[in-house]
Amino acid sequence: MRLRLGVLISGRGSNLQALIDAARDPDFPAEVAIVISNKPDAPGMERARAAGIATEVIRPKDYADKPAHEAAVTAALAEAGVGLVCLAGYMRLLSPFFVDCWYDRLINIHPSLLPAFPGLETHARAIEAGVRFHGCTVHYVRVEMDTGPIIVQAAVPVADDDTPDCLAARVLEQEHRAYPLAVRLIAEGRVTVEGNRVAVRGAGLADAVIGPLA
Ligand code: GRF
């Protein structure tokens, strides 16, 4: 049976789309079982519906507090038989309750080479810092924002005349490769977490790295 993914979104959903597209291949070892948004008008919800995937809007304002909202999200994920939760542009900070509940079954994609540039505006900050390489990271989620064991990274070069927008586009292209790769490695049972590091069984260097080395 394929690993059942629960994807949490708040917006565009292009990474969700990359996972949906990857799962069209019957040999891909995971499938998107449910997409949950905290925003009713998230464009990504249409992508899920177009692919015939179950969707649920779970709005924080419909709940008394954050624990109640997160309990509802957890219940929906469990109900859908989800084995791995993928954050894909989900713009809400998760509480320790939620992180604990899905410990080592909860991953995120972040648009920088962590631990550089956690938080927002990563592309502008990378340009400002003058780094020559930038990229994205798929990592297990821990309570502190944008931390946790790194599963896959993809690097892109930064050009002298890059704007945040064109750098973002170059990184996004790699995000769409990195997220399905990380999910595949996990679904194949090849990923183990050892402290703050991930080991990928049977992997050559190129298995968890996308970019100049791969
Ligand atoms: C991506 O850049 C992702 O790395 C970040 O939020 C953005 C979501 O984009 N966490 P999309 O909704 O997947 O298109």
Side-chain angles (χ1 to χ4, degrees), residues 5-24 30-51 53 55-59 73 84-94 98-99 102 106-128 131 133-156 158 162-184 186 208-211:
L5 309 176
V7 183
L8 269 50
I9 65 167
S10 300
R12 179 176 60 179
S14 71
N15 280 288
L16 162 67
Q17 189 70 56
L19 293 172
I20 292 172
D21 292 346
R24 285 194 211 285
E31 63 189 316
V32 181
I34 187 168
V35 177
I36 298 175
S37 173
N38 59 323
K39 299 205 165 156
D41 54 354
M45 293 302 254
E46 198 38 54
R47 298 177 187 265
R49 283 185 214 111
I53 295 165
T55 58
E56 233 177 283
V57 176
I58 306 181
R59 291 188 305 183
V73 173
L84 181 69
V85 180
C86 302
L87 305 181
Y90 188 62
M91 301 305 284
R92 281 186 62 80
L93 268 184
L94 297 166
F98 191 87
V99 174
W102 295 96
L106 172 60
I107 64 177
N108 179 45
I109 185 153
H110 179 77
S112 78
L113 293 172
L114 290 172
F117 313 121
L120 299 174
E121 310 290 341
T122 56
H123 309 300
R125 287 158 60 209
I127 290 170
E128 176 68 19
V131 294
F133 283 102
H134 184 45
C136 65
T137 303
V138 184
H139 63 98
Y140 284 103
V141 172
R142 298 294 183 254
V143 170
E144 204 181 322
M145 193 183 61
D146 300 328
T147 67
I150 291 169
I151 307 156
V152 167
Q153 290 190 308
V156 303
V158 181
D162 265 339
T163 63
D165 281 352
C166 75
L167 184 54
R170 194 175 308 125
V171 171
L172 192 64
E173 217 175 288
Q174 299 307 316
E175 292 187 38
H176 298 160
R177 298 173 65 200
Y179 219 176
L181 171 60
V183 167
R184 181 166 63 76
I186 292 169
V209 178
I210 296 172

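In listed order, ligands and their atoms are each counted from 1. Numbers here simply count residues along the sequence, with the first being 1.
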Suppose I only count heavy atoms of [X] and a 4.0 Å limit; which atoms of ligand 1 are within that range?
X    : value
G13  : 11 (P), 12 (O), 13 (O), 14 (O)
E175 : 1 (C), 2 (O), 3 (C), 4 (O)
R12  : 9 (O), 11 (P), 12 (O), 14 (O)

> Under 3.5 Å, is there a donor-acceptor pair between the side chain of T137 and the main chain of L114?
Replying inline: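 Present.
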
Below 3.5 Å, N or O to N or O, backbone or side chain included: is there any such pair between [X] and ligand 1?
X    : value
N108 : no
L172 : no
G11  : no

>> Distance alone, cut at 3.5 Å: any donor-acceptor contact between the side chains of H110 and S112?
In response: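 H110 vs S112: donor-acceptor pair found between side chains.
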
> I9 near ligand 1, heavy-atom distance under 4.0 Å?
Replying inline: no

> Considering only protein heavy atoms, which is closest to atom 10 (N) of ligand 1, and at what distance to one decimal place?
Replying inline: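 Scanning the protein heavy atoms, the shortest distance from atom 10 (N) of ligand 1 goes to I109 O, 2.9 Å.
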
> Taking it one step at a time, do F133 and V158 satisfy side-chain contact (heavy atoms from CB on, under 4.5 Å)?
Replying inline: CA-CA 5 Å; F133 283 102; V158 181; 5.7 Å; no

>> Working note: T55 + S37, criterion side-chain contact (heavy atoms from CB on, under 4.5 Å); need CA distance, chi angles, decisive distance, verdict.
In response: CA-CA 8 Å; T55 58; S37 173; over 6 Å; no

> Considering S14, P111, P43, G89, which one's heavy-atom position lies nearest to atom 11 (P) of ligand 1?
Replying inline: S14

> If we only count heavy atoms from C-beta on, is the D146 to N108 side-chain gap below 4.5 Å?
Replying inline: yes

> For L167 and A126, which heavy atoms make the closest approach, and how far apart are they?
Replying inline: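 Looks like CD2-CB, 4.5 Å.
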
> Testing L5, L84, V141 for side chain to side chain contact (heavy atoms under 4.5 Å, CB included) with I107, which one passes?
Replying inline: L84

